[in-house]
> 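Handing you this structure, nothing more for now.
The structure presented is a predicted model; accordingly, all values stated were derived computationally and were not measured. Both ligands and their constituent atoms are indexed starting at 1 by order of listing.
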Amino acid sequence: MEPCVIRVRVREGYDVVIGGGLLKDSGRLMRAALGSCRLIVVTDSNVAHLYLPTLLNSLAEAGYDACSYVFPAGEAHKRMDSLSGMLEFFAGQRLTRMDCVVALGGGVTGDMAGFAAGCYLRGVRYVQVPTTLLAAVDSSVGGKTAVDLAAGKNLAGLFHQPSMVICDTKTFETLTPDEFANGTAEAIKTGILDDETLFSVFELGDARANVKEIVAQCVAFKARIVEADETETGIRKTLNLGHTAGHAIEQCSGFSMPHGHAVAIGLAIIARAAERLGWAQVPIARRIEHALTRNGLPITTEFSPEALAEAALSDKKRAGGTITLVVPKQIGDCALIDIPVEQLLDVFRAGMEIVA
Ligand code: NAD
Ligand code: GLY
């Protein structure tokens, strides 16, 4: 089947190419987009075993001189010392401004390799090759890059758009059910923001069977938002739906809870709160809870509203005395609401009281 190509029309626009089996063709696709250059592939220790040889073969077939840098897998390694190891490797390889970094892996790899590419020599090009559903539907598009600090998630980073995204949906076949579900959480988030068509796949359909269409709709939606607001001064903030509580849960768990699972609980909390505080149409909370649980995702947490509020208020989205919440009003319609920071605990309490 023909790959689907979605153009992201930011200052230096780029294509997101989506299809089954694209990894084998990635060298040819990159040559068409990048021309001649040297490439450094950054990947993690799990993905290296699974997909690095196929990618390197394809790059060699297309005539590229490429080498690889492998770091230990997991969110616990999305931090400054991993980033600094990457930058030293780039310098040791004498990577120049003409060259390019390739991020092969999930959101952790993409966020870090993108950050490294954005600051090495004040910015070199990079290509995203997402291998998790989460990276495909969200993190590989839009140019947000970051590492975590002890004080919170993604606290150091920059905006740096990729030069191309190549998404081989066949790579999702090796994801565990839990890892697949992580990506489903971000795709359900997009369904809530975008429209009933996408959301109903998670309410009624089979996400694995419809994965290419899901990725394409999520990418097309995200492209529209990023084109309208590349650096998150307005509408892009809506992509943080479920993330205020979600990031707090990740932080309270010492980052042992995966991002997608934490976002799922965050979506359920804000949906229940939105109904109880009169911001949303009933029965949005029940519909969102159903879509999440049906796709193997959690909707409650053991952490208290107090612990989450404390963690959330150390998060970067706090601006002065207010915090911006993304509130679902109905499927396909979310609002940004600024509340005083003191009110956040009440919002979390409203969203965490489970009524049978
Ligand atoms: P991840 O990159 O840690 O990948 C999850 C796990 O799956 C890892 O162990 C990885 O080695 C493994 N893996 C990757 N591809 C695989 C495959 N095809 N088969 C088997 N195993 C595979 O995590 P993630 O869930 O992809 O991404 C989460 C990260 O993304 C978080 O750090 C989050 O903050 C970030 N994120 C960024 C943005 C953004 O816009 N930049 C958006 C959403 C999330
Ligand atoms: N994942 C949120 C964003 O890219 O803005």
Side-chain angles (χ1 to χ4, degrees), residues 8 10 23 42-52 54-55 70-79 82 103-115 118 128-148 152-155 157-162 165 167-187 189-190 193 211 218-219 221-223 225-226 228-243 246-247 250-251 255-264 266 315-317 326:
V8 184
V10 284
L23 213 51
V42 172
T43 192
D44 75 24
S45 47
N46 295 332
V47 178
H49 295 300
L50 293 165
Y51 300 114
L52 184 58
T54 311
L55 177 61
V70 181
F71 68 92
E75 183 76 33
H77 296 281
K78 187 178 152 181
R79 54 182 201 211
S82 310
L104 171 71
V108 165
T109 302
D111 278 15
M112 275 207 296
F115 190 4
Q128 290 271 18
V129 185
T131 62
T132 63
L133 179 61
L134 184 141
V137 298
D138 194 349
S139 64
S140 62
V141 177
K144 268 193 186 175
T145 75
V147 293
D148 303 330
K153 256 194 83 80
N154 296 334
L155 287 185
L158 41 79
F159 287 97
H160 183 45
Q161 297 291 344
V165 182
C167 174
D168 180 348
T169 52
K170 263 185 96 58
T171 60
F172 308 152
E173 288 171 8
T174 50
L175 292 173
T176 61
D178 257 4
E179 286 301 349
F180 189 84
N182 276 323
T184 309
E186 294 281 11
K189 174 199 81 176
T190 305
L193 291 167
V211 79
C218 288
V219 168
F221 175 77
K222 187 157 181 184
I225 298 285
V226 169
D229 177 20
E230 194 174 337
T231 53
E232 198 178 292
T233 54
I235 193 167
R236 186 164 179 173
K237 289 182 188 166
T238 59
L239 300 181
N240 294 323
L241 177 64
H243 283 56
H247 279 173
E250 276 186 275
Q251 192 158 331
F255 297 115
S256 63
M257 173 163 303
H259 181 73
H261 279 60
V263 166
D315 192 275
K316 65 183 185 316
K317 281 185 285 300
V326 191

> Would His261 and Asn182 satisfy side-chain hydrogen bond (donor to acceptor under 3.5 Å, both in side chains), going step by step from the backbone distance to the final call?
CA-CA 6 Å; His261 279 60; Asn182 276 323; 2.7 Å; yes
> My understanding is that only residues two or more places apart in sequence, or in another chain, count here; which of them pass side-chain hydrogen bond (donor to acceptor under 3.5 Å, both in side chains) with Thr174?
Tyr51
> Among all protein non-hydrogen atoms, which one is nearest to atom 40 (O) of ligand 1, and what is the separation to 0.1 Å?
Lys222 NZ, 3.5 Å
> Which residue and non-hydrogen atom of the protein lie closest to atom 13 (N) of ligand 1, and at what distance in Å?
Val47 CG2, 3.8 Å
> Could you tell me which atoms of ligand 1, counted from 1 in the order shown, lie closer than 4.0 angstrom to a heavy atom of Ala73?
11 (O)
> With only distance considered, is Lys144 within less than 3.5 Å of ligand 1 through an N or O on each side?
yes
> Any idea which part of His247 is under 4.0 Å from ligand 1, heavy-atom wise: side chain, backbone, both or neither?
neither
> Tell me which protein heavy atom sits closest to atom 1 (P) of ligand 1, plus the residue, atom name and distance to 0.1 Å.
Val108 CG2, 3.8 Å
> Among protein heavy atoms, which lies nearest atom 11 (O) of ligand 1, and at what distance?
Asp44 OD2, 2.7 Å
> Assess whether a salt bridge exists between Asp111 and Lys144, defined as any Lys/Arg side-chain N lying under 4.0 Å from an Asp/Glu carboxylate O.
no
> Do me a favour and list the nearest non-hydrogen protein atom to atom 34 (O) of ligand 1 with residue, atom name and distance?
Lys153 NZ, 2.8 Å
> If only atom types and distance count, is the side chain of Thr131 paired as donor or acceptor with the main-chain N or O of Thr171 below 3.5 Å?
no
> Among protein heavy atoms, which lies nearest atom 15 (N) of ligand 1, and at what distance?
Thr131 OG1, 2.7 Å
> Given Leu50, Asn46, Thr43, identify the one with the heavy atom nearest to atom 9 (O) of ligand 1.
Asn46
> Apply side-chain hydrogen bond (donor to acceptor under 3.5 Å, both in side chains) to residues Glu250 and His243 and explain how you reach the verdict.
CA-CA 10 Å; Glu250 276 186 275; His243 283 56; over 6 Å; no
> For residues Leu158 and Gly114, report the shortest heavy-atom separation together with the two atoms involved.
CD1-O, 4.5 Å
> Pull out every atom of ligand 1 sitting under 4.0 Å from any heavy atom of Lys78, numbered as shown with elements.
31 (C), 32 (O), 33 (C), 34 (O), 35 (C)
> The criterion is side-chain contact (heavy atoms from CB on, under 4.5 Å); which residues satisfy it with Ala136, sequence neighbours excluded?
Pro130, Cys167, Phe172, Val215
> Select the closest option to atom 22 (C) of ligand 1 among Thr171, Asp138, Leu175, judged by heavy-atom distance.
Leu175
> Which residues pass the salt bridge (charged side-chain N to carboxylate O under 4.0 Å, His left out) test with Glu230, not counting sequence neighbours?
Arg11
> Minimum distance, heavy atoms only, to atom 30 (O) of ligand 1: which one of Gly107, Gly114, Ala262 is it?
Gly107
> Is the backbone N or O of Gly152 less than 3.5 Å from a side-chain atom of Asp148, with the two atoms forming a donor-acceptor pair by type?
no
> Which residue from Lys170, Met112, Glu179 reaches closest to atom 5 (C) of ligand 1 through any of its heavy atoms?
Glu179
> Given side chains that start at C-beta, do those of Gln161 and Gln128 come closer than 4.5 Å, heavy atoms only?
no
> Would you say Glu186 and ligand 1 have an N/O pair spaced under 3.5 Å apart?
no
> With heavy atoms of Asn154 as the reference, note each atom of ligand 1 found under 4.0 Å away.
34 (O)
> For the pair Thr145 (side chain) and Gly157 (backbone), establish whether a donor and an acceptor sit closer than 3.5 Å, ignoring hydrogens and angles.
no
> Counting non-hydrogen protein atoms only, what is the nearest one to atom 4 (O) of ligand 1? Give residue, atom name and distance.
Thr132 CG2, 3.7 Å
> Report the part of Tyr51 (side chain from C-beta onward, or backbone N, CA, C, O) that has a heavy atom under 4.0 Å from ligand 1; answer both or neither where that applies.
side chain
> Is the side chain of Thr184 donor-acceptor paired with the backbone N or O of Phe180 at a distance under 3.5 Å, no angle test?
yes
> Quick one: do Leu133 and Glu179 satisfy side chain to side chain contact (heavy atoms under 4.5 Å, CB included)? Show the steps, please.
CA-CA 8 Å; Leu133 179 61; Glu179 286 301 349; over 6 Å; no
> So, does Asn46 use its side chain to make a donor-acceptor pair with the main chain of Ala73 at under 3.5 Å?
no
> What atoms of ligand 1 come closer than 4.0 angstrom to any heavy atom of His259?
33 (C), 34 (O), 43 (C), 44 (C)
> Under a 4.0 angstrom heavy-atom cut-off, which atoms of ligand 1 come close to Gly106?
2 (O), 26 (O)
> Name the option, out of Ser139, Gly74, Gly246, that contains the heavy atom nearest to atom 36 (N) of ligand 1.
Ser139
> For ligand 2, would you mind listing the residues that have at least one heavy atom less than 4.0 Å away, ordered by chain and number?
Asp138, Lys144, Lys222, Glu232, Arg236, Leu239
> Charged N to carboxylate O under 4.0 angstrom, Lys189 versus Asp138?
yes
> State, yes or no, whether a side-chain contact exists between Lys222 and Leu239 at a heavy-atom distance under 4.5 Å.
yes
> Where is the nearest protein heavy atom to atom 31 (C) of ligand 1: which residue, which atom, and how far?
Glu75 OE1, 3.1 Å
> Considering Thr174, Val147, Asp111, which one's heavy-atom position lies nearest to atom 19 (N) of ligand 1?
Thr174
> Are Leu193 and Ile225 packed together at the side-chain level, in the sense that at least one heavy-atom pair is separated by less than 4.5 angstrom?
no
